[in-house]
Amino acid sequence: MSELRVRFAPSPTGYLHIGGARTALFNYLLAKKEQGTFILRIEDTDVERSTQESTDAILQAMDWLGLSYDEGPFYQSQRFELYQQKVQQLLDEGKAYKCYCSAEELAAKRDAALKRGDKPQYDGTCRDAAARSDDQPYVVRFKSAQEGITSFNDLIKGTISFNNQELDDMIIQRSDGTPTYNFVVVIDDAEMGLTTIVRGDDHVNNTPRQILIYKALGYAIPAFAHVPMILGADKKRLSKRHGATSVMAYRDMGYLPEALVNYLVRLGWSYGDEEIFSMQDLIEKFSLENVGKSAGVFNPEKLLWLNEHYIKTGEPQRLATLLREYLANDGISVPADIDLVEVVKTLQDRSKTMLEMAEKAAFYCSDTLVYDEKAQKKFITQDQQQIFELLVAQLQSCEFTHAGVEAAFAQVLEQTGLKFGKVGQPTRVALSGGTSAPGIFEVMLVLGRERCISRLNAALQLIG
RNA sequence: GCGCUCAUCGUCUAGCCUGGUCCAGGACACCGCCCUUUCACGGCGGCGACAGGGGUUCGAAUCCCCUUGGGCGUACCA
């Protein structure tokens, strides 16, 4: 076990989204690779917006992706006592102070500053003011450094420096007594012994403030690694209007978790020319050095290609289990004598998603076939009557193996003098209901002798 | 506005640190051909980028500066 300790710290105000999943994944991979510890912490200091449903949804999504954690989940809402203690400590040491400015006053000052073209900052009204009686509402502010430079060496972006004048006295405790993010994140990261903080680069600007708090509280400062954002096709931050952003929505759309994992890791990280990575590969090969600095555009097409790849190469047994669920979601139950593993084998090369596979598998399962209108009109006609009759006769007596049905089919070709296509396509329609389906012999074998004959007879009924 | 930051094909990227082997490689998408019992799979090929301008250098995608463009932040959200 190495000393490396990393964490994923989502706030439970919604489902786990694509960006969060990637951050979690990077942390997970780092921990596994270095045999360190991956901690899950729920940042629910905002009591208003945090919900149990969101926490559950995030946990479920991480589980689906295979991102297991070693410690946690810890809930910040259960650690308020610790935070209050730290606030008091800073107050006692004169490193923080009570501020009685109202939210309205502050908003007005902010607007004025913006108007002047200044960076809106707290002006320090209460910083040096005499203490007042506590029956007036107040927030607690951290006394930030007013001069000097705070810099850190980001493991992804390199050295980043901030002039301390840019940092104002931020609020660490709200007027309702609850602590704020930038304060608790430091306490928890420090108390939980984190050595490296891997998070989205929207936190870069928070880092110098946090470093100042680490120092004020006497904590060791961890290493930071800020992962670039994920953008939509219009280069705007990825959001719902760019399509699905929820991890679980991808499961619902028929994506395999390994496809999402593979896609997410390659968005912003690379390993030479390689594209396909299993979780095991990633644990061996992932490193922060190969993470790029620039934001990446989410490309649904490439994700789809990866999904296609994993379906194509997936274990039929496992896919069959999944297929049964997707089929069930469509209200389709699988007849006992239909071998779903065999169904999967006929569909793996033809399905980009499990949802698509379920659609294509439907015809195997239904008792009464629904014909595609055009196909029926063209291929279930008087012209096919003889073909179907001959085929039924052959199927009744042939050996029901690939070679057997192929031979039976050949017999029909010989008897009618027709080419394969002339017989094949109508048969395909009679058996599957449409003009596109897996190979005829494969379909027949999955369907079984009885079903083939009854479907052919049903087509004959329609003709006759 | 101010601060931080980024910049190679439409997109994800290799190359950049340690200049020449790069008239820039791979992948997705797209286009074409081949294979073929339908639909797919697959094989082969094509299209397509160093943001712009200055330097430094014998030589720059690679180093420096400026410009432009993008992202993030600027909350009693996280």
Side-chain angles (χ1 to χ4, degrees), chain A residues 9-13 43-46 48-50 76 99 101-103 106-107 110 113-121 137-141 154 157-158 160-163 165-168 170-182 184-185 199-208 226 228-231 233-237 263 266-276 290 292-306 308 312 346-352 360 375 379 409 419-425 427-429 432 434-441:
Chain A
S11 65
T13 53
E43 310 232 310
D44 54 354
T45 52
D46 185 344
E48 301 285 300
R49 302 196 304 156
S50 301
Q76 292 187 321
C99 169
C101 299
S102 71
L106 295 172
R110 189 162 41 242
L114 230 32
K115 235 176 185 171
R116 286 197 306 273
D118 291 342
K119 188 183 171 81
Q121 287 190 323
Y138 66 87
V139 298
V140 177
R141 284 182 187 274
D154 193 279
K157 294 173 178 286
I160 301 178
S161 303
F162 290 83
N163 200 317
Q165 284 164 5
E166 298 297 329
L167 281 21
D168 62 356
M170 65 169 176
I171 293 170
I172 58 176
Q173 187 179 82
R174 302 184 184 93
S175 50
D176 66 359
T178 58
T180 59
Y181 167 77
N182 275 303
V184 298
V185 73
R199 75 219 316 188
D201 79 5
D202 47 340
H203 286 289
V204 167
N205 292 278
N206 291 325
T207 307
H226 288 99
M229 299 278 89
I230 298 178
L231 276 24
D234 56 0
K235 303 263 189 181
K236 299 291 179 198
R237 193 187 189 135
Y263 178 72
R266 273 289 286 107
L267 213 195
W269 173 84
S270 61
Y271 193 79
D273 283 344
E274 293 180 38
E275 295 288 349
I276 305 297
N290 291 325
K293 296 180 181 181
S294 48
V297 174
F298 183 76
N299 183 350
E301 251 94 48
K302 189 148 185 181
L303 169 58
L304 189 61
W305 171 73
L306 280 163
E308 191 183 344
K312 211 178 315 180
T346 68
L347 261 18
Q348 277 180 291
D349 280 349
R350 296 164 225 272
S351 312
K352 293 181 198 290
K360 292 191 155 124
F379 293 110
F409 207 83
K419 288 200 154 192
F420 197 111
K422 288 286 180 195
V423 178
Q425 204 57 344
T427 304
R428 190 186 316 283
V429 176
S432 75
T435 50
S436 69
I440 293 172
F441 306 131

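Note on naming: letters A, B, ... go to the chains in the order of the sequence lines (proteins, then strands), and numbering restarts at 1 for each one.
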## Note on the structure
In Watson-Crick or G-U wobble terms, with both distances under 3.5 Å, the base opposite B:rG48 is none

### Task
With heavy atoms under 4.0 Å as the rule, sort A:H226 into base, sugar-phosphate or nothing.
nothing

### Query
Under the side-chain hydrogen bond (donor to acceptor under 3.5 Å, both in side chains) criterion, do A:N182 and A:T180 qualify, and how do the steps go?
CA-CA 6 Å; A:N182 275 303; A:T180 59; over 6 Å; no

#### Entry: Non-hydrogen side-chain atoms of A:Y181 and A:M170 separated by less than 4.5 Å
no

#### Entry: Sugar-phosphate, base or nothing in reach of A:G421, heavy atoms under 4.0 Å
nothing

### Side-chain heavy atoms of A:K302 within contact of A:E275, under 4.5 Å
yes

### Query
Which is true for A:N163 with a 4.0 Å heavy-atom rule: it touches a base, it touches only sugar-phosphate, or it touches nothing?
nothing

### Nucleotide nearest A:R350 when distance is taken to its side chain, options B:rU11, B:rA29, B:rA40
B:rA40

### Message
Just to be sure I understand the rule, does A:D168 reach a base, reach only the sugar-phosphate, or reach nothing, if contact means heavy atoms closer than 4.0 Å?
### Response
nothing

### Query
Has A:R428 got a side-chain N or O lying under 4.0 Å from the OP1 or OP2 atom of B:rC39?
no

### Message
Strictly below 4.0 Å: does A:K235 bring a side-chain N or O up to OP1 or OP2 of B:rU11?
### Response
yes

### Query
Within the structure shown, what part of the strands sits under 4.0 Å from A:I440 by heavy-atom distance: base, sugar-phosphate, or nothing?
base

### Query
Base, sugar-phosphate, or nothing for A:R110, non-hydrogen atoms under 4.0 angstrom?
sugar-phosphate

### N/O donor-acceptor pair, side chain A:E274 with base B:rG26, under 3.5 angstrom
no

### Query
Quick one: is B:rG71 close enough that its OP1 or OP2 comes under 4.0 Å of any side-chain N or O from A:K236?
yes

### Message
Taking any heavy-atom pair under 4.0 Å as a contact, classify A:S432: base, sugar-phosphate, or nothing.
### Response
nothing

### Message
Does A:K360 reach a base, just sugar-phosphate, or nothing at all? Heavy atoms under 4.0 Å.
### Response
nothing

### Message
Counting only side-chain heavy atoms from C-beta out, which of B:rC4, B:rC76, B:rA78 sits nearest to A:T45?
### Response
B:rA78

### Task
Looking at every strand, decide which applies to A:N299 at a 4.0 Å heavy-atom threshold: base, sugar-phosphate, or nothing.
base

### Task
Mind checking A:C101 for me? I need base, sugar-phosphate or nothing, with any heavy atom below 4.0 Å counting as a touch.
base

### Message
Once you apply a heavy-atom cut-off of 4.0 Å, does A:T13 come out as touching a base, just sugar-phosphate, or nothing?
### Response
nothing

### Message
Over all strands shown, is A:S294 touching base, sugar-phosphate only, or nothing at heavy-atom distances under 4.0 angstrom?
### Response
sugar-phosphate

### Task
Kindly say whether, by distance alone, the side chain of A:T180 makes a donor-acceptor pair under 3.5 Å with the base of B:rC76?
no

### Task
Report which part of the nucleic acid A:F162 touches: base, sugar-phosphate, or nothing (heavy-atom distance under 4.0 Å, all strands).
sugar-phosphate

### Query
Is there a donor and acceptor pair, one atom on the side chain of A:D202 and one on the base of B:rG73, closer than 3.5 Å?
no

### Message
So A:V139, base contact, sugar-phosphate only, or nothing? Heavy-atom distance under 4.0 Å.
### Response
base

